[in-house]
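Just below is one structure, and these are the notes that go with it.
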Amino acid sequence: MAECKYTVGDKTIVPPGTKMIPIYIMGKRYEVPEGLTILKALEYAGYRVIRGCGCRAGICGACATVYRLKDDYRLRFGLACQTTVKPGMYLTQIPFVPANKAVYDINQLTADVFTIERLYPETFRCLACNTCTKACPMDIPVMDYIQALIQGDIKTAAEISHSCIMCGMCTLRCPAEIQHFHVAMLARRLYGKYIQPKARHLEKRVEQIKAGKFDWMMDELMGLSTEELKKRYKEREWEPEPYDPHWKPKETKYLIIEE
Amino acid sequence: MSGYPESLQESLAKVEETRPQRLEEARKQRYFLKLSPDEYDAILQKYHPDYQPEGRKPLQVGPNKGEFLQTELVAILQGAPWIDPGKFCGRLKTPDMSTDILVIGGGGAGSAAALLASEQGCEVILATKLRHGDANTVMAEGGIQAADLPYDSPYYHFLDTIGGGHFTNDKNLVRALVMDAPIVIKWLEDLGVMFDKEPDGTMKELKGGGLCRRRMHSSADMTGSEIMRVLRDEVRNHPDKIKVLEFCPAVELLLDEEGQIGGAILYNMDNQEFLVVQAKAVILATGGYGRLHLHGFATTNHYGATGDGLVLGYRVGVRLQNLKYAQFHPTGAAFPEQCAGMLITEKVRTLGAEPINRDGERFCHPLEPRDVEAALIIRECLEREKGVITPTGRLGIWLDSPMIDMIWGEGTVAKALAGKYLQFKRYGIDIAKEPMLVFPTLHYQNGGLAINEWGETTVPGLFAAGEVTGGVHGDNRLMGNSLLDVNVFGRRAGIKAAEFAKQREKVKALSLRHLEKYLKNLEESGVKPEQKTPIILPDYRNPEVKVKGALD
Ligand SMILES: Cc1cc2nc3c(=O)[nH]c(=O)nc-3n(C[C@H](O)[C@H](O)[C@H](O)COP(=O)(O)OP(=O)(O)OC[C@H]3O[C@@H](n4cnc5c(N)ncnc54)[C@H](O)[C@@H]3O)c2cc1C
Ligand code: SF4
Ligand code: SF4
Ligand code: FES
C-alpha cells in the first residue's frame with residue numbers, strides 16, 4: 001500500500017481538459033476551472049480567505065455569498081463552500097452581519113410570546129414579504145418561523161429553524177429589520193428548556209451518580225489489569241441492533257434499574 | 001434522474017440489484033460478520049495509514065524527543081516561532097490586556113470552560129482564531145454519548161471507551177468522562193439544547209461503532225451545531241464577565257519568571273498587530289489538526305484545525321500523549337468532487353446503511369471500530385481492487401443510504417439526516433434514493449497534550465481541554481465521545497482554572513525564556529525549521545498565483 005494514490009489533501013482534482021470559465025470576484029474577472037465551489041474558486045484565483053470561511057462544509061455560516069448570474073436580474077444567495085461556480089457569475093462574500101443579540105438569563109424567562117416581544121420587539125414588524133425565505137441558503141421557510149413566533153408558537157419556530165446556520169442573509173435582506181437568527185436562537189432555547197418534556201431517566205441517573213451509586217464499579221474497573229479489562233471488553237453483553245424494545249440484558253450486576 | 005455520471009451507472013445498478021436481499025438480512029439484524037477483537041491488529045498493521053513506517057520521522061527536541069510522529073506534525077512542532085524573543089521581550093513589561101483567565105479557542109471546550117470559569121466569579125478573555133464557534137464542534141453531526149438509560153451504565157461506557165482506545169487510555173480520564181457524562185447532558189438540557197426525544201421526554205438514543213448499548217444523544221444530524229450555538233449564545237449572555245476576541249489566534253504562550261503560566265501573545269489577523277495578554281491561568285482549547293493533511297489525506301475538519309495548541313503547549317514543555325495514530329473516519333465523501341473529504345456521519349451506518357463494493361457486495365460489518373472500518377475500506381479498494389473510481393480519479397465504495405428509508409419508513413433520511421440530505425441535493429444527488437460514495441478521511445486527533453482529570457498540565461496554571469489533549473480516548477476515539485470530552489473537560493478545566501486564578505496573588509514578570517531555550521535546542525539538534533508555526537491557517541491558494549506573488 002506504499003503508493004498512496006488516494007492522497008490528495010484538500011486540493012480539488014482538476015482532470016486535464018477541464019473547461020475554464022470566467023467569474024467576476026468583486027467585479028474582477030478570473031478564469032477558473034468549471035465545477036469548483038465558490039470558495040475553492042476564490043483560492044484558485046489567489047485569494048487567501050480569512051474572514052468568510054469557517055467549516056468548509058456548509059454548517060458554520062461564515063461564507064455567505066451574494067451573486068448574480070449572467071443576464072439575470074435576480075440577486076442570489078449561497079454558501080461559498082457549497083455553491084458551484086457558473087460562467088459569468090458576479091459575486092462577493094459578506095464577511096460580517098451586524099446584529100444585536102439580546103442578553104438574558106435563560107432561567108428567568110417564560111416560553112411565550114411576551115418574551116419574544118420583550119427581547120426582540122422588531123419581530124412583530126414583519127410585512128410577510130417572504131424576502132428572507134428567498135435569501136436562505138439552507139432552504140428554511142424563514143418567514144414561516146417569524147410568523148409562528150408572532151403567534152407565540154415557539155415549538156413550530158424552533159422546529160423549522162433547527163437547521164439555521166446563523167449566516168445572517170435573511171437579516172440583511174429584511175425590510176422590517178428583523179434579526180431572525182437571534183430570535184430563532186432564543187426560540188430554540190426556550191423550546192429545549194421549557195417546552196420539550198425533560199428526560200426523567202437522565203435526571204434519575206444524575207441523582208444516582210451524585211449519590212455515589214456507581215463508584216464501586218469505577219473502583220473495580222480502575223483496579224483491573226489490562227488483561228482482565230480486555231476479557232471484560234470482549235465478553236460484554238451486546239444490545240441488538242437495530243433497536244429491539246423487548247430486549248432485556250442478562251448481566252445486571254453493573255446496572256442500576258430503579259423506578 | 002441519477003445524480004451520478006454514466007461511468008458509475010454499471011456499478012450503481014449492481015448495488016440496486018443486491019439491495020432487496022441485503023435488506024431482508026438487515027431486517028433480521030444479519031450483517032457481514034463482525035471481526036473478533038483478536039483480528040483487529042493484523043488488519044490495522046496492514047491497511048491503516050498510520051501503522052505504516054513511511055511518512056514518519058523522529059522528534060528531535062522536547063519532552064517527546066525520539067518519538068516517531070507523522071512528518072507533517074513534526075514539521076509544526078519543530079517550526080520557527082512568529083516572534084523573536086530577544087526583540088519582543090521589551091513589550092512584555094506592558095501587557096495590552098490583563099485578566100484572570102485566558103481561554104484560547106472558541107469551540108465547545110473553550111466555551112464550556114469560559115462559562116464555568118466565569119460562574120466561579122472570574123474575569124475571562126476568550127480569544128479565538130476565526131469567529132466564535134467556527135470550530136470542529138459546530139461540525140459534529142452524529143451525537144454525544146452518556147450512559148443514562150436504565151439498561152446502560154457508566155461501567156459499560158468505560159469498557160467501550162477503553163476497548164475502543166485499544167486499552168491505551170488514561171483510566172483516570174476515562175472515569176471522569178463517563179461519570180460526568182449524564183451531568184453534562186443534563187447541563188445542556190437545562191441550557192436549552194434541543195435533543196431528539198420521545199413524546200414523554202425519553203432521549204432517543206442510538207448505538208455507534210464499538211458501543212455495546214444505545215447511548216448516543218442527538219439533535220437531528222446537527223448535534224454539534226446545536227450544542228455550539230447554545231454554548232455561544234450563553235457566553236454572549238455574560239458580556240460583563242467574558243470578553244470574546246475573534247480573529248485573534250494565540251501564537252505563543254508566556255510564562256512568568258518563576259515558570260508559572262503568565263498569559264499569551266495573540267495576533268490580530270485584521271490589523272496584523274500582536275497583543276500581549278497577561279493572565280493568572282490559561283486554558284488551551286484549540287482543537288485538532290485535520291488541516292495538516294497527514295499523509296496527504298483529505299479532512300473533515302474546519303479551516304482553523306491546524307494543531308496550534310500542540311505547538312504552543314510543546315514549546316512550554318508539556319508532554320504529548322497518544323499522538324501516534326490519527327483517526328481516519330471510514331466514511332468521507334469521495335463524490336462529488338466539491339465535497340471531497342467531507343464527513344458522512346457514522347449515523348448513516350447506525351441507521352442501517354451498509355458499505356458496499358463495486359460489485360454490489362457487502363465486505364465488512366457496518367459498525368466496526370472506526371480505525372478497523374477505515375482499514376477494511378482501504379483494503380477493499382487497494383488490495384482487492386473492488387473500489388469505485390470517480391471521474392476525478394478518487395477511490396470510493398458505496399454507502400447504501402436508500403436502505404434507511406426502506407427500514408425505517410419513507411422520509412427518515414430527509415429528517416434524521418437533514419443536513420447531508422440538503423448538501424447532496426445541492427449537487428443533484430438524492431441520498432434517500434441513491435447511495436453515496438465514500439473513502440476514509442482525516443478526522444480526529446486522538447491524542448495531544450497530557451492532562452490530569454482536572455485538565456491540568458505540568459505547567460502550573462496552564463490547563464487544556466478538548467481535542468487538543470491526549471489520553472481520554474487512547475489511540476482511537478469512539479463516536480460521540482469527543483463532544484462529550486469537550487464539555488466534561490472544558491467544564492472541569494474552567495472550574496479548576498478559576499480556583500487556581502483565585503489563589504494566585506499576581507503574575508510575576510512575563511518571560512519568553514522558554515522560547516529562547518526551545519530555539520537553542522532546535523539549533524543544537526541541527527533542526528532547520530521548515531515553516532513558521534503555529535501555522536494558523538492552511539494555504540490553499542493556487543501555487544501558480546503564489547509564485548507570481550513576488551512579495552510573499
Ligand atoms: C465533521 C466532524 C464531525 C464530528 N462528529 C462528531 C460527533 O458526531 N460526535 C462527537 O462526539 N464528536 C464529533 N466530532 C469531533 C468533535 O466535534 C471535536 O473533536 C470537538 O468538538 C472538538 O472540540 P474542541 O473545542 O476541542 O475544538 P474545536 O471545536 O475545534 O475548537 C477549537 C477552536 O480553537 C480555535 N483555534 C485554533 N487554533 C487557535 C489559536 N492558535 N488561537 C486561538 N484559537 C485557536 C479554532 O479555530 C476553534 O474555534 C466531529 C468532528 C468533525 C470535524
Ligand atoms: S434562517 Fe437566516 S441566518 Fe438562518 S440559515 Fe437561513 S438565511 Fe441564514
Ligand atoms: S423579510 Fe422580514 S418582513 Fe419580509 S417576510 Fe421575512 S421577516 Fe417578514
Ligand atoms: S465555510 Fe462554513 S458554511 Fe461555508
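Values reported hereafter were calculated over all heavy atoms of this structure, with side chains retained and with hydrogens, waters and symmetry mates removed. Protein chains get the first letters and strands the later ones, always in sequence-line order, with residue 1 at the start of each. As the structure is a computational prediction, the values presented were derived from the model and not from experiment.
Contacts between A:M222 and chain B at a heavy-atom distance below 4.5 Å involve backbone atoms as well as side-chain atoms. Contact annotation for B:P336: neither backbone nor side-chain heavy atoms come within less than 4.5 Å of a heavy atom of chain A. Only the side chain of B:R232 comes within contact range of chain A, judged by heavy atoms closer than 4.5 Å. For a residue to count as touching a neighbouring chain, one of its non-hydrogen atoms must lie under 4.5 Å from one of that chain's; by this rule B:V138 touches chain A with backbone and side chain alike. Heavy-atom distances place the side chain of B:P37, and not its backbone, under 4.5 Å from chain A. Contacts of B:P239 with chain A are made by side-chain atoms alone, with heavy-atom separations under 4.5 Å and no backbone atom involved. Interface remark: A:E203 contributes backbone and side-chain atoms alike to the contact with chain B (heavy atom separation under 4.5 Å). Both the backbone and the side chain of A:Y44 come within less than 4.5 Å of a heavy atom in chain B. Heavy atoms of B:K34 lying under 4.5 Å from chain A belong exclusively to its side chain. Residue contact with chain A, scored on non-hydrogen atoms closer than 4.5 Å, involves the backbone of B:F195 exclusively. Contact of A:I59 with chain B is made through backbone and side chain together, with heavy-atom distances under 4.5 Å. Neither the backbone nor the side chain of B:E141 comes within less than 4.5 Å of any heavy atom in chain A. For A:D105, no part lies near chain B; criterion is any non-hydrogen pair under 4.5 Å. When heavy atoms are compared at a cutoff of 4.5 Å, B:E234 approaches chain A by way of both its backbone and its side chain. Contacts between B:K425 and chain A at a heavy-atom distance below 4.5 Å involve the side chain alone, from C-beta outward. With a 4.5 angstrom heavy-atom cutoff, B:T202 touches chain A via backbone and side-chain atoms both. In this structure, chain B has a heavy atom under 4.5 Å from the backbone of A:A102, while its side chain stays farther away. For B:L422, the part lying under 4.5 angstrom from a heavy atom of chain A is the side chain only. Using a 4.5 Å cut-off between heavy atoms, A:E207 makes no contact with chain B at all. Of the two parts of B:A26, only the backbone, made up of N, CA, C and O, holds a non-hydrogen atom closer than 4.5 Å to a non-hydrogen atom of chain A.
Heavy-atom pairs under 4.5 Å with chain A were tallied for B:L211, B:V178, B:N237; the largest tally goes to B:N237. Contact count against chain A (heavy-atom pairs under 4.5 Å) is highest for B:M179 among B:H238, B:M179, B:M269. The greatest number of non-hydrogen atom pairs below 4.5 Å with chain A, out of B:I162, B:L191, B:I407, is found for B:L191. For the set B:M139, B:K207, B:M203, the count of heavy-atom pairs under 4.5 angstrom toward chain A peaks at B:K207. Put simply, of B:L130, B:D38, B:D190, the one with the most heavy-atom pairs under 4.5 Å next to chain A is B:D190. Note: B:D270 leads B:L206, B:D270, B:L343 in heavy-atom pairs under 4.5 Å with chain A.
For the pair B:R213 and B:Y151, the cation does not sit on the ring face, since its NZ or CZ is not both under 6.0 Å from the ring centre and inside 45° of the axis. A cation-pi arrangement is found for B:R214 relative to A:Y243, the charged atom lying closer than 6.0 Å to the ring centre and inside a 45° cone about the ring normal.
A heavy-atom distance below 4.5 Å is found between the side chains of A:R232 and A:E228. Here the side chains of A:P249 and A:E239 are not in contact, with every heavy-atom distance at 4.5 Å or above. Contact check for B:I185 versus A:R205: no side-chain heavy atoms found under the 4.5 Å cut-off. Put simply, the side chain of B:D233 reaches to within 4.5 Å of the side chain of A:K101, judged on heavy atoms. In this structure, A:L190 and A:I195 have side chains that are not in contact, with every pair of non-hydrogen atoms separated by 4.5 Å or more. No side-chain heavy atom of A:K19 sits less than 4.5 Å from a side-chain heavy atom of A:P33. Side-chain contact between A:R48 and A:L42 is absent, with no heavy-atom pair separated by less than 4.5 Å. Inter-residue side-chain proximity for B:M222 and B:M228 is flagged as unmet; no heavy-atom pair is nearer than 4.5 Å.
Ring planes of A:Y30 and A:Y47: perpendicular class, angle over 60° (limits at 30 and 60°). Relative orientation of the A:Y120 and A:H182 rings is parallel, given thresholds of 30° and 60° on the angle between their planes.
Considering every non-hydrogen atom in both B:K171 and A:L229, the closest pair reads CE-CD1, 3.7 Å.
Ion pair A:E235/A:K231 flagged as a salt bridge, since at least one NZ, NE, NH1 or NH2 atom sits closer than 4.0 Å to an Asp/Glu carboxylate oxygen.
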